[in-house]
Amino acid sequence: MAELAVIGCGYVGAVTAACFAHLGHRVQAIDLNRDRVSLLRDGQSPIHEPGLETILRQQIQSGRLRFDSSYPDRLDAEIIFIAVDTPGSAEGAADLGAVRAAVGTIASRVAPDAIIVNKSTVPVGTGELVEELVHGAGIYAARVVSNPEFLREGSAVEDFLRPDRVILGSSDEDALDSVASLYEGIDTTIVRVDMRTAETIKYASNAFLATKISFINEMAAVCESLGADVTAVAHGMGLDSRIGGQFLSAGLGWGGNCFPKDVRALAHMAAVHGTHPQLLRSVMAINADQRLRAIQKVRSALGSLNGMRLLVLGAAFKGGTDDIRQSPALEVVRLLLIEGAHVVVYDPVVREDDLIEALPGVNTCTDVVSGATGVDGIILATDWLEFRDLPLDRMRAVAHRGVFVDARNFLDPVTVRRAGFHYLCLGRPRAEGPAIDCQGFPSSPVLSGSLV
Ligand code: UGA
């Protein structure tokens, strides 16, 4: 059992602290946000993260996990994890203010031989900066290790306890041994590399996953012009173990607080160091276009969107989380509003206050049937599992016109069409329903998209 400290209790810090306590270590977690700390002390998660509250409560009760909103005079922990936010600028440069502040504060309080571990996603070379800061404060024996996180929001606890791999970066073998031993209770592969390589593995992993998604989104456009079905193409490709089936769902493109920031940051780092990151730039451009393709779908069915009433299903950047940062769904809402549409948004978990703060003036609803009342069209923008059971018949009965754009290719086309909707999606021309005239009645049973 080791004595650990975790600085920063956002989704990475809170999950890291709770899961290390679950593995048997004693953890002091510190965050300067008092509201967050008081929630965590009560065993409540400040984010929607399945499984986290159970572990929090168990570990607080066991006495292995505690939360504080200020730094003690002395941090006795042998290993201190830095898990603070590193927001990105529009150009891609990461703001290291919180990392500098955290390291600056702990430098004078840690044990002389403490190990400081970077969990935050930081620009390549930051580990060396942290080393300089700590050594500059006179703690010459302190060592720094990079241990990037690969936690998905919505399954972060599962990802922590059952990781595909753990990456550790340092030139100090003893420090690597100490951090590796924390993961002893977990059956996984531990990869030991130098610090810069560990930092790069994190960016390269996120960038590769984003590339996979942009690839399949480009294929969706190709499938539409060739008359193929992108979901079947992805399935057929994914069965090849060299390709793998995950992260091949075409839709609105990637969002959230990680991929957009990290792909931009990697491209920025590459460009600053004199290389031309042309693949990464295309990956970002395809992603931005994907939102426009969804809008184009709505326009193809309704014509001008000015004055149209639309229901957007989902606000979170993906199903299973309440996070709306860089959400493709919200970008779609913004584009619809710019075109003059009246938009009402439904999300099963995102708080109304957060939505209104992100999209001032937007209308929200608390159930999908009231949201669908009088609308000209419905756009499914987030892959919430519960959308698989939408009361489609009731929604169609109250909607003015029956356009349904499934921008995540998430529903069964036949079921949606059977409820009387004109079903549109991305990259599946044969799955789409007959065109409707502006009164809402089917006009001709043509397939959109032409066959070669
Ligand atoms: C991502 C990575 O998956 C984690 O490994 C990493 O630790 C984390 O970023 C991070 O850097 O902190 P997360 O942002 O929670 O995790 O979300 P993902 O599940 O990766 O999804 C990202 C975006 O891609 C979402 O908008 C999702 O809807 C979209 N997506 C995902 C697709 O459009 N298609 C897919 O097939 C998969």
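Heads up: numbering here begins at 1 and tracks the sequence. All values derive from a computational prediction rather than experimental measurement. As the structure lists them, so they are numbered: ligands from 1, and atoms in each ligand from 1.
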Examine the proximity of ligand 1 to [X] and report which part, side chain or backbone, both or neither, has a heavy atom under 4.0 Å away.
{"X": "Gln246", "result": "neither"}
{"X": "Ile213", "result": "side chain"}
{"X": "Leu248", "result": "backbone"}
{"X": "Arg408", "result": "side chain"}

Taking side chain as C-beta onward, heavy atoms only, is [X] less than 4.5 Å from [Y]?
{"X": "Glu173", "Y": "Arg192", "result": "yes"}
{"X": "Met308", "Y": "Leu336", "result": "no"}
{"X": "Val349", "Y": "Trp384", "result": "yes"}

- prompt: Relative to atom 21 (O) of ligand 1, which among Lys202, Lys318, Arg152, Lys212 owns the nearest non-hydrogen atom?
  reply: Lys318
Cut-off 3.5 Å, side chains only: do [X] and [Y] have a donor facing an acceptor?
{"X": "Thr231", "Y": "Asp229", "result": "yes"}
{"X": "Arg299", "Y": "Gln296", "result": "yes"}
{"X": "Trp254", "Y": "Asn217", "result": "no"}

Can you sort out which atoms of ligand 1 are near [X], meaning under 4.0 Å from one of its heavy atoms?
{"X": "Trp254", "result": "23 (C), 24 (O), 26 (O), 29 (C)"}
{"X": "Glu153", "result": "15 (O)"}
{"X": "Asp262", "result": "11 (O)"}
{"X": "Glu149", "result": "7 (O), 10 (C), 11 (O), 12 (O)"}

How far is [atom] from the closest protein heavy atom, and which atom is that?
{"atom": "atom 37 (C) of ligand 1", "result": "Phe247 CD2, 3.5 Å"}
{"atom": "atom 1 (C) of ligand 1", "result": "Phe259 CE1, 3.4 Å"}
{"atom": "atom 34 (N) of ligand 1", "result": "Ser249 O, 3.0 Å"}
{"atom": "atom 5 (O) of ligand 1", "result": "Phe150 O, 3.3 Å"}
{"atom": "atom 8 (C) of ligand 1", "result": "Leu151 O, 3.4 Å"}

Under 4.0 angstrom from ligand 1, any heavy atom of [X]?
{"X": "Cys258", "value": "yes"}
{"X": "Tyr11", "value": "yes"}
{"X": "Gly255", "value": "yes"}

message: Using side chain to side chain contact (heavy atoms under 4.5 Å, CB included), reason through Arg41 and Ile60 one step at a time and then give a plain yes or no.
response: CA-CA 7 Å; Arg41 275 185 181 155; Ile60 291 168; 5.6 Å; no
What I want to know is whether [X] and ligand 1 share at least one N or O pair that is separated by under 3.5 angstrom.
{"X": "Phe317", "answer": "yes"}
{"X": "Asp383", "answer": "no"}
{"X": "Thr121", "answer": "no"}

- prompt: What orientation do Phe20 and Phe81 show, parallel under 30°, tilted 30 to 60°, or perpendicular over 60°?
  reply: tilted
query: Which class fits the ring pair Tyr423 and Phe404: parallel under 30°, tilted 30 to 60°, perpendicular over 60°?
result: parallel
message: For the CG atom of Leu380 and the CG atom of Leu424, what is their distance to the nearest 0.5 Å?
response: 13.0 Å
- prompt: Charged N to carboxylate O under 4.0 angstrom, Arg242 versus Asp240?
  reply: yes
- request: Indicate yes or no for a side-chain donor-acceptor contact from Asn147 to the backbone of Lys119 under 3.5 Å, with no hydrogens or angles considered.
  value: no
